S.K.: 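Before anything else, here's the structure in question.
The model shown is predicted, which means the values in this text are computed figures rather than measured ones. Position 1 is the first residue of the sequence; numbering continues from there. What you see below is based on every heavy atom in this structure, not just the backbone, and it leaves out hydrogens, waters and symmetry mates. Counting starts at 1 for both ligands and their atoms, in listed order.
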Amino acid sequence: MAKALKFGGTSMANADSIRKVRDIILADSDARYVVVSAPGKREPSDTKVTDMLIAFYGESNEERRRTRLSEIAARFDAIIDGLGLDLDLSAEYEDLISGEESGSYDYVVSRGEYLSAKILAKLLGYEFVDAAEIIRFGADGRLDDDFTQSLASDRLRVAMRAVIPGFYGLSAEGKVKTFSRGGSDVSGAIVAKAIGASVYENWTDVDGFMVCDPRKVKNPRIIEMLTYRELRELAYMGASVLHPEAVFPVNKSGIPINIRNTFNPTAKGTMIVCYEDLESGKYKRGEHVITGIAGKKDFVGIFIQKEMMNSEIGFCKTLLDVLCERNIRLEHMPTGIDTVTLIIDPAGVTDSVLEETIMDIRERCHPNTIEVHKGLSLIAVVGHGMMSTKGTASRVCGSLYNADVNIRMIDQGSSEMNIIIAVENEDYDKSIAALYNEFVK
Ligand code: ASP
């Protein structure tokens with residue numbers, strides 16, 4: 001059964017890495033549909049081709065524009081030479097200056113993927129299928145899923161083996177339009193769904209999805225298998241390997257995603273599967289309570305107390321109205337009998353809006369006390385395993401107590417697959433380490 005493979009920017013960065021890509025593809029006869037990113041960074045201080053294209057587009061000085069273009073051309077030509085290919089892209093470079101769509105930001109920025117796919121198609125002897133042929137956005141600017149799926153499956157059915165540029169498609173007006181950054185992941189998922197792939201292999205530069213942030217714990221374990229639901233919880237809390245929109249097309253069709261490392265292809269990577277397939281035994285994983293730990297800093301807590309709050313009808317509704325009217329995002333709202341805590345995401349909320357909000361709550365809800373606490377971190381401990389295991393919350397609390405961390409809030413989702421805790425920002429790192437040591441090490 002055919003597979004869809006997507007190779008990210010580091011995999012496509014230079015001739016050496018592209019040779020690894022070629023070897024991976026040619027070693028697998030099912031590897032028939034390949035989606036690629038633009039060349040990314042060759043080393044940490046390098047610039048991604050997409051960023052070079054963005055800078056080129058924004059350059060108004062004609063001479064500097066030419067210089068930027070020749071730097072982009074040099075990146076591709078070095079790859080072509082390094083691979084020993086007989087391929088001349090000079091007309092394509094010139095098109096960026098004088099082509100019909102050279103005035104379009106999306107068109108210019110999409111050319112990194114376009115040229116990257118041209119090169120890989122030539123190297124493999126695969127057909128080049130332009131993303132403009134198979135991906136369509138609607139008039140509202142969002143992906144037109146149904147139209148895209150019918151275009152993509154019709155077109156790819158007649159291509160035995162194809163390389164497709166990631167990151168873009170065509171707008172309702174027929175112009176090239178890109179996804180948000182990292183969007184080649186979405187293109188890969190679209191292709192996987194269109195061909196009814198057995199698996200969507202997403203090749204990157206890490207061995208898989210890590211149990212927690214490697215900046216907080218040295219060499220954390222790689223998650224061998226996680227469900228789409230667990231991924232959603234962890235990704236929401238900032239753990240990211242995939243573009244968030246890449247999940248929907250494949251999740252709905254029950255296609256698993258396998259995160260793999262181009263630079264360590266023997267590593268099995270991380271499998272992302274549907275919960276139902278795990279439940280039914282189609283996929284099996286080792287027994288564990290916790291699948292992953294992720295967190296984010298800098299939330300704001302509004303702690304409210306009012307006598308007899310529990311018997312006051314509409315109290316919480318008024319609180320939510322106050323937030324809603326100011327476009328403030330509520331993350332959590334744990335309640336006691338006479339207390340409620342609002343944990344909010346302060347992104348875009350200025351100090352004066354926050355002050356106004358507090359004043360409004362005072363006027364409309366008449367609390368006995370209201371306190372604002374900035375600098376809270378939220379940490380999510382995620383795993384279906386905790387549904388059937390007693391004592392998880394006690395272990396969370398115990399391990400944080402032993403690490404001398406004060407828990408400011410604790411909340412267990414009704415799905416019973418996550419426990420969210422709030423701690424002070426300065427306790428964030430040691431909390432992650434304590435939870436990792438308790439559940440994973
Ligand atoms: N090249 C684009 C970016 O850097 C898209 C992608 O790589 O997925 O965001």
S.K.: Quick check: do E133 and L170 have side-chain heavy atoms less than 4.5 Å from each other?
M.R.: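 No. Closest side-chain heavy atoms not under 4.5 Å.
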S.K.: I'd like to know if G183 contacts ligand 1, where contact means a heavy-atom distance under 4.0 Å to any ligand atom.
M.R.: yes
S.K.: Which ligand 1 atoms, with their elements, are less than 4.0 angstrom from a heavy-atom of S184?
M.R.: 5 (C), 6 (C), 7 (O), 8 (O)
S.K.: Quick one: does D185 get an N or O within less than 3.5 Å of an N or O on ligand 1?
M.R.: no
S.K.: If you measure every N or O of K6 against every N or O of ligand 1, does any of those distances drop under 3.5 Å?
M.R.: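 Checking ligand 1 against K6, no N or O pair falls under 3.5 Å apart.
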S.K.: Could you go through the side chain to side chain donor-acceptor pair (under 3.5 Å) check for N406 and D427 one step at a time?
M.R.: CA-CA 8 Å; N406 181 25; D427 288 338; over 6 Å; no
S.K.: Is Y283 atom OH crowded by more than 12 heavy atoms from other residues, nucleotides or ligands, each under 6.0 Å away?
M.R.: yes
S.K.: Of all the non-hydrogen atoms in the protein, which one sits nearest to atom 7 (O) of ligand 1, and at what distance?
M.R.: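 Heavy-atom neighbour on the protein nearest atom 7 (O) of ligand 1: S37 OG, 2.9 Å.
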S.K.: Does ligand 1 have an atom under 4.0 Å from some heavy atom of G182?
M.R.: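 Heavy atoms of G182 do come under 4.0 Å of ligand 1.
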S.K.: With a 4.0 Å cut-off on heavy atoms, is E113 touching ligand 1?
M.R.: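 It does; at least one heavy atom falls under 4.0 Å.
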S.K.: List the closest protein heavy-atom neighbour of atom 4 (O) of ligand 1: residue, atom name, distance to the nearest 0.1 Å.
M.R.: R181 NH2, 2.9 Å
S.K.: In this structure, is the centre-to-centre distance between the rings of H384 and Y275 below 6.0 Å?
M.R.: yes
S.K.: I want to know whether F137 and Y168 have ring centres closer than 6.0 Å.
M.R.: no
S.K.: Could you check, using the six-membered ring where one of them is a Trp, whether F179 and F167 have ring centers closer than 6.0 angstrom?
M.R.: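 Between F179 and F167, the centre distance exceeds or equals 6.0 Å.
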